[in-house]
Amino acid sequence: MRRPAPLVPALAVVLLLSACGSERVGHPSNGPGAASPAPRTRVTDPPVDGVRITAVSIPSASPTPSASPGQVHADPLPADPEVSAAYEVTNDGTEALTYTVLFGFMSSDGGAVSNQRETVRSVGPGRTVRGTVGPGVLPPGAPAVTTVKVTEVTKVPAAEAPAEAGVCPPSGIRVTADDGDAAMGLRVVGLRLENCGTKDYSLDGYPQLTLLDEDREPVEGVRILRGGDSIAGGTGYDDPPRPLTLKPGDSAVSGLVWRNTTGSGTAVNIPYVRIRAKAGAAPVTVTPHLDLGTTGKLGVGAWKRAEP
């Protein structure tokens, strides 16, 4: 993943990579019959929640003989690591924010060739940060990328963003959420707390949760139940709380458990959850995208020691 220069689902902005009517930064030809270097196409589409793709680069097709003498046609190229999109993130708010952006690299039939997630940290109020993203390593035979889109944007206060790998926050505690698991309407997202500091850290109970809407305002009307088995058994987060002392380098785990069941009423979707490991702990805001349906409840497991 390329890092930038200095995750509320948002309306996807589709950016068609057509040469027609677009301005390209100069790339000389590689000679007859050879694919030219990836031209850059400027993009003027409006931003999605502060994120805008400003230019895209995609290799030109290789001219090959057609069935008629004296004519050529351009065959589509397979997915190529030279494909990239330049983007910028602008913070119009009043506090520093950390953005997580999902970019979709799409084929001509609308299927996803690759999805790449970029985290842009600590964008100050009124500031713009620029970066470049590519599709990553693609499998052999992957279709050509013809479209890039901003699929999803989430943003949290920079002071509450999960610390990146290898960085220990001032609290000495790193709290993160995994990508989750879903099966037959049952959802489970794992939480991990790592003592990356220099002192022992004690736990005895459940993570303290605040559910937040897309404006990061508290959500009312959802019951937070103790124990994964309050939603479904066998999730691995059913044990009662026990006192734990984490030495530096030790970790504990918990989990969020819910069902995406929809009956009468309005389905509830919660993009953000603010987590405190225990009373008085520094908050960390994660983006599990809770699609609670109309159940109105969320289960949370007690902290337990992580298995080696």
Point to revise | Criterion side-chain contact (heavy atoms from CB on, under 4.5 Å) on Asp49 and Tyr99, from CA distance to verdict | key: CA-CA 10 Å; Asp49 210 6; Tyr99 292 73; over 6 Å; no

Practice item. Decide side-chain contact (heavy atoms from CB on, under 4.5 Å) for Val222 and Leu292; before the verdict, give the C-alpha distance in whole Å, the side-chain angles of both, and the deciding distance to 0.1 Å. Key: CA-CA 9 Å; Val222 176; Leu292 300 178; 3.7 Å; yes

Review point. Can you check side-chain contact (heavy atoms from CB on, under 4.5 Å) on Val273 and Val189, steps first, answer last?
Key: CA-CA 11 Å; Val273 177; Val189 168; over 6 Å; no

**Study point:** From CA spacing to verdict: side-chain contact (heavy atoms from CB on, under 4.5 Å), Arg305, Asp250
**Key:** CA-CA 8 Å; Arg305 190 175 301 277; Asp250 288 349; 3.6 Å; yes

Practice item. Test Glu164 against Arg174 for salt bridge (charged side-chain N to carboxylate O under 4.0 Å, His left out), laying out the working first. Key: CA-CA 9 Å; Glu164 59 186 316; Arg174 183 187 296 113; over 6 Å; no

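The two residues Gly180 and Asp178 have their closest heavy-atom pair at N-OD1, 2.9 Å. Across all their heavy atoms, Thr176 and Pro162 have their closest contact at CG2-CB, 4.3 Å. Listed here is the closest heavy atom pair of Cys168 and Gly197: SG-N, 3.8 Å. Taking every heavy atom of both residues into account, Ala277 and Leu193 meet most closely at CB-CD1, 3.3 Å. Closest non-hydrogen pair, Ser230 versus Gly227, comes out as OG-O, 2.5 Å. For Leu256 against Pro288, the heavy-atom pair with the smallest separation is CD1-CG, 4.2 Å.
Remark: Lys149 fails to qualify as a cation-pi partner of Phe105 under the 6.0 Å distance and 45° angle criteria applied to the six-membered ring.
In terms of modelled atom types and a separation under 3.5 Å, the side chain of Lys304 and the main chain of Gly236 share a donor-acceptor contact. Side-chain N or O atoms of Asp291 include none that pairs as donor or acceptor with a backbone N or O of Asn260 at under 3.5 Å. Between the Asp200 side chain and the Lys247 main chain, no donor and acceptor come within less than 3.5 Å of each other. Judged by distance alone, with hydrogens and angles left aside, the side-chain atoms of Asp215 form no donor-acceptor pair with the main-chain N or O of Glu217 at under 3.5 Å. At distances below 3.5 Å, not a single donor-acceptor pair connects side-chain atoms of Thr98 with backbone N or O atoms of Arg121. Tyr272 places a side-chain N or O within 3.5 Å of a backbone atom of Lys155 that can act as its donor or acceptor partner. A donor-acceptor pair under 3.5 Å links the side-chain atoms of Arg276 to the main chain of Ala281, judged by distance alone. With hydrogens and angles disregarded, a donor-acceptor distance shorter than 3.5 Å links the side chain of Thr294 to the backbone of Gly263. Judged by distance alone, the side chain of Lys278 and the main-chain N or O of Ser202 form a donor-acceptor pair under 3.5 Å. Judged purely by atom type and a 3.5 angstrom limit, Asp229 has no side-chain atom pairing as donor or acceptor with the backbone of Ala232.
In the displayed structure, Asp109 atom CG is contacted under 6.0 Å by more than 12 heavy atoms of other residues, nucleotides or ligands.
To the nearest 0.5 Å, atoms CG (Leu246) and CG (Leu203) are separated by 5.0 Å. The structure places CD of Glu118 at 9.0 Å from OG1 of Thr132, a figure rounded to the nearest 0.5 Å. Taken from CD1 in Ile231 to NZ in Lys297, the straight-line distance is 5.0 Å, to the nearest 0.5 Å. Atom-to-atom distance recorded for Thr210:OG1 and Ile275:CD1 is 10.0 Å, nearest 0.5 angstrom. To the nearest 0.5 Å, atom CD1 of residue Ile53 and atom OG1 of residue Thr41 are 12.0 Å apart. To the nearest 0.5 angstrom, Glu152 atom CD is 11.5 Å from Phe103 atom CZ.
Side-chain contact between Arg259 and Arg187 is absent, with no heavy-atom pair separated by less than 4.5 Å. Contact check for Val150 versus Tyr87: no side-chain heavy atoms found under the 4.5 Å cut-off. Tyr201 has its side chain out of reach of Glu194: every pair of non-hydrogen atoms, C-beta onward, lies at least 4.5 Å apart. Using a 4.5 Å heavy-atom cutoff, the side chains of Leu211 and Leu298 are in contact. Looking at heavy atoms from C-beta onward, Thr295 lies out of side-chain contact with Val268 at the 4.5 angstrom threshold. Contact annotation: the side chain of Ile173 approaches that of Asn195 to within less than 4.5 Å [non-hydrogen atoms, C-beta and beyond]. Using a 4.5 Å cut-off on side-chain heavy atoms (C-beta onward), Thr100 and Arg117 make contact.
In this structure, Leu209 is not a member of the same hydrophobic cluster as Leu225, with clusters built from ILVMFWY side-chain heavy atoms closer than 4.5 Å. Hydrophobic clustering places Tyr206 together with Val284 (ILVMFWY residues linked when any side-chain heavy atoms are closer than 4.5 Å, directly or through intermediates). Ile270 and Val188 fall into different hydrophobic clusters, defined by Ile, Leu, Val, Met, Phe, Trp and Tyr side-chain heavy atoms under 4.5 Å apart, directly or through other members. Val300 and Leu186 are not part of a single hydrophobic cluster, where members link through side-chain heavy atoms under 4.5 Å apart. In the hydrophobic clustering of this structure, Val113 groups with Val83; members are Ile, Leu, Val, Met, Phe, Trp, Tyr whose side-chain heavy atoms approach within less than 4.5 Å, directly or through other members.
Using a cutoff of 4.0 Å between basic side-chain nitrogens and carboxylate oxygens, Arg127 and Glu88 are not scored as salt-bridged. A salt bridge between Arg52 and Asp45 is absent, with no side-chain N of the basic residue lying under 4.0 Å from a carboxylate O of the acidic one.
Residues Asp204 and Trp303 have side chains that never bring a donor and an acceptor to within less than 3.5 angstrom of each other. Side-chain contact annotation: Ser114 with Gln116, donor-acceptor N/O pair under 3.5 Å present.
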